[in-house]
Amino acid sequence: MNIKNLKNDFFGGLISSLVALPLTLACGVLLFKGLHDLEMYGINAAIYTAIIGTFISAFIGNHHLQISGPRVATTLILSSFLLEIFTRLQSYENIYNLNELLIVFMILTVLLMGVFQLIFAYFNLGKLIKFLPSSVKMGVSTTIGLIIIFKQFPIIFNYQGDDLFQEFITNPLTIITNQTTLLFIAICIFIVLLLFKKNIVTSKIRMIVPLLAPILGGVVFYLFINKNPSDFIIGKINITLPSFELYFNTFTQNFSIVNENILEIIIAAFVLALMGSLSSLLSISVLEDKQKVRSTNPSIELKGQAFGNIISAFFAGMPSAGSEARGLSNYNSGGRTFISVIFHALFLIVFVFFLDEYIALIPQIVLSSLLVHTGIVMILPLIKLSSNMSITCLRTKTKNMNECLKDIFQTVLVVIVMLIAEEMANLTIAIITGFAMASLLFIYEMMSNTNYNIILGNKHHSRRVRTKKVMTFLKNKGKCVKIIELEGAIFFGTADFLRTLVSDINKDTSYIILDFRKVSEVDITGAEKIKLCTKENSNIEFTFSHIRKGDDTYQALCAVGLIGVDGLPWFENTDLALEKVENKLLEQFTEVEEEKGKTLNIDSLNFTKNLSKEEQDILLIYMISKEYKEKDELFTKGMKSDELFFLRKGTVSIMLEQSFVKGVKDKLSKIRRITFSTGVVIGEMAFFEDNLHSVDALANEDVSVYILSRHNLDLLSKEHPILGRKIMYSFCSHLSNRLREVTSEIQVLERWS
């Protein structure tokens, strides 16, 4: 490490610690708000959490610039939970020290929060947490932001009564005019914080604005508050080590009480773990965007946060989570290595333990203003979304305004439900209710937007090359074959939509292929619904495609008995499934059933039917007959193409090499590209290009062919020019039909995909 990096890390740690200190103190004051005997202990818990969380995240976390500490959202959740527990415990008898027992509840909750985060990390749930629906994240954030703001009004207006809003409605002018100084201080802080969001000042000044705002508020406070300023400041801070023996004894003495409330503790810990994990992963995402890097394993970060909270709990700390404000202030001030995070923690120790007399002079209005600003920041995304969506809808002049503003309606609905739940129960229940409400809306949205593609069998055919008569039949009768392309996650809702879809097309359908190519997940409920669908439509033969043995889809369908022993047929790709279904359809109509086991003469070949008997006999003179055994190769990749093969008996597949390990060229497998049926010609493309074969031709069974060599074709054209021209016209017609069919297939597939 060079001196320049050390200097930058030093200033990064210094500035970020100065930014973090007011926020840490604000969280400490918020923790036990309303419990006057414990309010100062909240600062004690916040300080230990900020120091321990920073150290642990520096050594265990996923990002070397991640700085953890108390977050306003998690603090409010824990505060709401502890206040409810405190109210409940007051009705208990024989509690020697209620405050100590309340701290035990906090320790257990934070400890379990860390355990839940370890579980999230072990099962790699961090990737899922990051993809929570926006209505969940925005609704929870807005609700918490509103509650934070409401809780700070009594401090801003210095109101000591029980119902500020009732007083404000009856005597609004009295409330405002009596506290003009505190309001002026709050407004000054908000103006400075506004500069932090706008490009009004230079970047170097803007990165220390979060520090300048409380300093300015403190200066204004002491200039205008002359009477009893001690009534409005934090007061003496006494940071002490917690007594492990004291809290353990309190726990054992009140074990029965703790056990009675264990469910509430578990629920609160789970909600805190979810919110803390989300905050930490979001913080890392912001830092990575700044550094233009991307991490791959969020589980490492969750482990760091988990151990930070577990250790913090043993110091009677509060929940810790990654903070983008702390991390960005460190980065913008020059911090580039984890040493800057260590400096951050060391500076916090210096400030708290050596400058505690000055910290005690910080006005509470300053901390409340910071909390109000935090609350406003949390509700701004919903306000911006509402504004942008409203403007967009008005500009586009859409007829369906409800559909246009759907996201806003859903998010606002989540917020309203959460506020009602918070009023009726507590914030923990409100957040769980919000998650449940948003999840139901998300599921409903998925179900309402489910739109499976249906491909008709008369428009899309398998890659098997058949005679003209058979292809004409499939175009006329293939409508009874349908391919349904499933997409996304298949669960009870989307699978139920499939049931409705199949029921609607039941009358004119004999075969259905369910294509799982675009399916991301199939749960047991979805598999059961598909099974029910097959039973309800017993007149239809179902086939499954794009299923590989051992994958999640295979296991889900096997679990309910859809495939496997005595189950329905399944294939690894849709083309094979479609070929089998076409074969079944052809077997129902004997007049077009493909010849099986028979050897065709030259007059029965698809290519030579338009020739006269005399011309067929002449052509036969220039051909040779040859037999191939099953799995013999008619030609291989790289061979010179000097022969045309007219298939008299059996089927031949064109095989193509494909890498089955991405990026490893020497690990190749051969996959079927196309299959030729009896009566068609093979090898014409490379033959007329006078090129090498690019694929292999493999006999699927015992095969008989007529072979026309290039030399004999040239000789026939010289000796029988009219017949030669007829043969070339037949080849042109054949290739033109093939091109027309491929073009039609591409058009269908474009609409399909």
| query | Within a radius of less than 6.0 Å around NZ of Lys640, do more than 12 heavy atoms belonging to other residues, nucleotides or ligands occur? | reply | yes
| task | Kindly indicate whether the side chain of Lys482, heavy atoms from C-beta on, has any atom under 4.5 Å from the side chain of Leu456. | result | yes
| said: Checking Thr675 against Ser653: is there a side-chain donor and acceptor pair closer than 3.5 Å? | reply: yes
| task | Decide ring pair (Phe, Tyr, Trp, His ring centres under 6.0 Å) for Phe571 and Phe544; before the verdict, give the C-alpha distance in whole Å, the side-chain angles of both, and the deciding distance to 0.1 Å. | result | CA-CA 6 Å; Phe571 299 87; Phe544 304 110; over 10 Å; no
| request: For the residue pair Tyr706 and Leu644, establish whether any side-chain heavy-atom pair is separated by less than 4.5 Å. | output: no
| field | Qualifying residues under ring pair (Phe, Tyr, Trp, His ring centres under 6.0 Å), relative to Phe607, sequence neighbours excluded | value | Phe646, Phe731
| Euclidean distance, Leu656 CG relative to Ile674 CD1, rounded to 0.5 Å | 12.0 Å
| Can you check whether Lys475 reaches His461 side chain to side chain, under 4.5 Å on heavy atoms? | yes
| request: Indicate whether the side chain of Asp642 and that of Ser709 have a donor and an acceptor atom separated by less than 3.5 Å. | output: no
| said: Pair Asp617, Lys613 - check salt bridge (Lys or Arg N to Asp or Glu O under 4.0 Å), show working. | reply: CA-CA 6 Å; Asp617 291 339; Lys613 181 68 170 63; 3.0 Å; yes
| query | Which atoms form the tightest heavy-atom contact between Leu557 and Phe516, and what is the distance? | reply | CD1-CZ, 4.1 Å
| query | Distance from Leu302 atom CG to Leu281 atom CG, nearest 0.5 Å? | reply | 5.0 Å
| task | Would you check if the side chain of Ser503 reaches a backbone N or O of Arg499 as a donor-acceptor pair within less than 3.5 Å? | result | no
| said: Are the side chains of Leu716 and Asn712 in contact, using a 4.5 Å heavy-atom criterion? | reply: no
| said: Tell me every residue that passes side-chain hydrogen bond (donor to acceptor under 3.5 Å, both in side chains) with Ser704, counting only those two or more places apart in sequence or in another chain. | reply: Glu627
| said: So which atom in Leu585 and which in Cys480 form the shortest heavy-atom distance, rounded to 0.1 Å? | reply: CD1-SG, 3.7 Å
| Pair Glu643-Arg710, salt bridge (Lys or Arg N to Asp or Glu O under 4.0 Å): steps then yes or no | CA-CA 6 Å; Glu643 296 176 328; Arg710 186 183 304 277; over 6 Å; no
| request: Under the ring pair (Phe, Tyr, Trp, His ring centres under 6.0 Å) rule, collect the residues that match up with Phe676, sequence neighbours excluded. | output: none
| query | Could you state the interatomic distance from CG (Asp696) to OG1 (Thr636), rounded to the nearest 0.5 Å? | reply | 5.5 Å
| Residues two or more places apart in sequence or in another chain: which of them pass side-chain hydrogen bond (donor to acceptor under 3.5 Å, both in side chains) with Glu719? | Tyr622
| Sequence neighbours excluded, every pair satisfying salt bridge (charged side-chain N to carboxylate O under 4.0 Å, His left out) that has a member inside residues 558-575 | Asp575-Arg672
| Just how far is it from atom CE of Met471 to atom CG of Asn476, taken to the nearest 0.5 Å? | 11.0 Å
| note | Only one of Leu498, Asp515, Thr509, Ile513 passes side chain to side chain contact (heavy atoms under 4.5 Å, CB included) with Ile484, and that residue is Leu498
| task | Give a yes or no on whether the backbone of Asp702 and the side-chain of Glu630 come within a donor-acceptor separation of less than 3.5 Å. | result | no
| Chi angles and distances behind the side-chain hydrogen bond (donor to acceptor under 3.5 Å, both in side chains) call for Ser604, Arg648 | CA-CA 9 Å; Ser604 300; Arg648 303 176 61 199; over 6 Å; no
| note | Contacts of Tyr729 meeting ring pair (Phe, Tyr, Trp, His ring centres under 6.0 Å) (sequence neighbours excluded), chain-then-number -> none
| field | Residues in side chain to side chain contact (heavy atoms under 4.5 Å, CB included) contact with Thr525, at least two apart in sequence or another chain | value | Phe491, Phe492, Asp523
| request: Please report the closest heavy-atom contact between Ala495 and Lys529, naming both atoms and the distance. | output: CB-CB, 3.4 Å
| pair Tyr628-Glu701: side-chain heavy atoms closer than 4.5 Å | no
| query | Can you tell if the side chain of Asn537 reaches within under 4.5 Å of the side chain of Asn539, non-hydrogen atoms only? | reply | yes
| note | Rounding to 0.5 Å, atoms NZ (Lys637) and CD1 (Ile654) come to a distance of 13.0 Å
| field | Non-hydrogen atoms of Gly434 and Val414 that approach each other most closely | value | O-CG1, 3.9 Å
| field | Set of side chain to side chain contact (heavy atoms under 4.5 Å, CB included) partners for Lys477, sequence neighbours left out | value | Phe473
| task | List the steps, then state whether salt bridge (Lys or Arg N to Asp or Glu O under 4.0 Å) holds for Glu579 with Arg463. | result | CA-CA 8 Å; Glu579 180 183 326; Arg463 293 173 183 170; over 6 Å; no
| Can you check side-chain contact (heavy atoms from CB on, under 4.5 Å) on Thr534 and Val502, steps first, answer last? | CA-CA 9 Å; Thr534 61; Val502 173; over 6 Å; no
| message | Could you tell me if the side chain of Ile454 sits less than 4.5 Å from the side chain of Glu485, heavy atoms only? | response | no
| message | For the CE atom of Met685 and the OG atom of Ser641, what is their distance to the nearest 0.5 Å? | response | 10.5 Å
| message | Give me the atom names and distance for the closest heavy-atom approach of Ala527 to Ala556. | response | CB-O, 3.6 Å
| Which atom pair, heavy atoms only, marks the closest approach of Val560 to Glu528? | CG1-OE2, 3.4 Å
| request: Name all residues meeting the side-chain hydrogen bond (donor to acceptor under 3.5 Å, both in side chains) criterion together with Asp504; count only those two or more places apart in sequence or in a different chain, and write none if there are none. | output: none
| query | Should Glu582 and Arg464 be marked as a salt bridge (Lys or Arg N to Asp or Glu O under 4.0 Å) after you check the CA-CA gap, both sets of side-chain angles, and the distance that decides it? | reply | CA-CA 10 Å; Glu582 288 175 346; Arg464 182 159 178 168; over 6 Å; no
| When the ring centroid of Phe645 is compared with that of Phe635, is the distance short of 6.0 Å? | yes
| Is any side-chain heavy atom of Ile530 less than 4.5 Å from a side-chain heavy atom of Leu514? | yes
| Sequence-distant partners of Phe687, ring pair (Phe, Tyr, Trp, His ring centres under 6.0 Å), two or more places apart | none
| query | When you look at Thr678 and Lys649, which way does the side-chain hydrogen bond (donor to acceptor under 3.5 Å, both in side chains) test go after all the steps? | reply | CA-CA 5 Å; Thr678 302; Lys649 174 187 174 183; over 6 Å; no
| Taking only residues two or more places apart in sequence or in another chain, which ones pass salt bridge (Lys or Arg N to Asp or Glu O under 4.0 Å) with Arg725? | none
| field | Within residues 543-553 or reaching into it, pairs that qualify as side chain to side chain donor-acceptor pair (under 3.5 Å) - sequence neighbours excluded | value | Ser545-Thr574
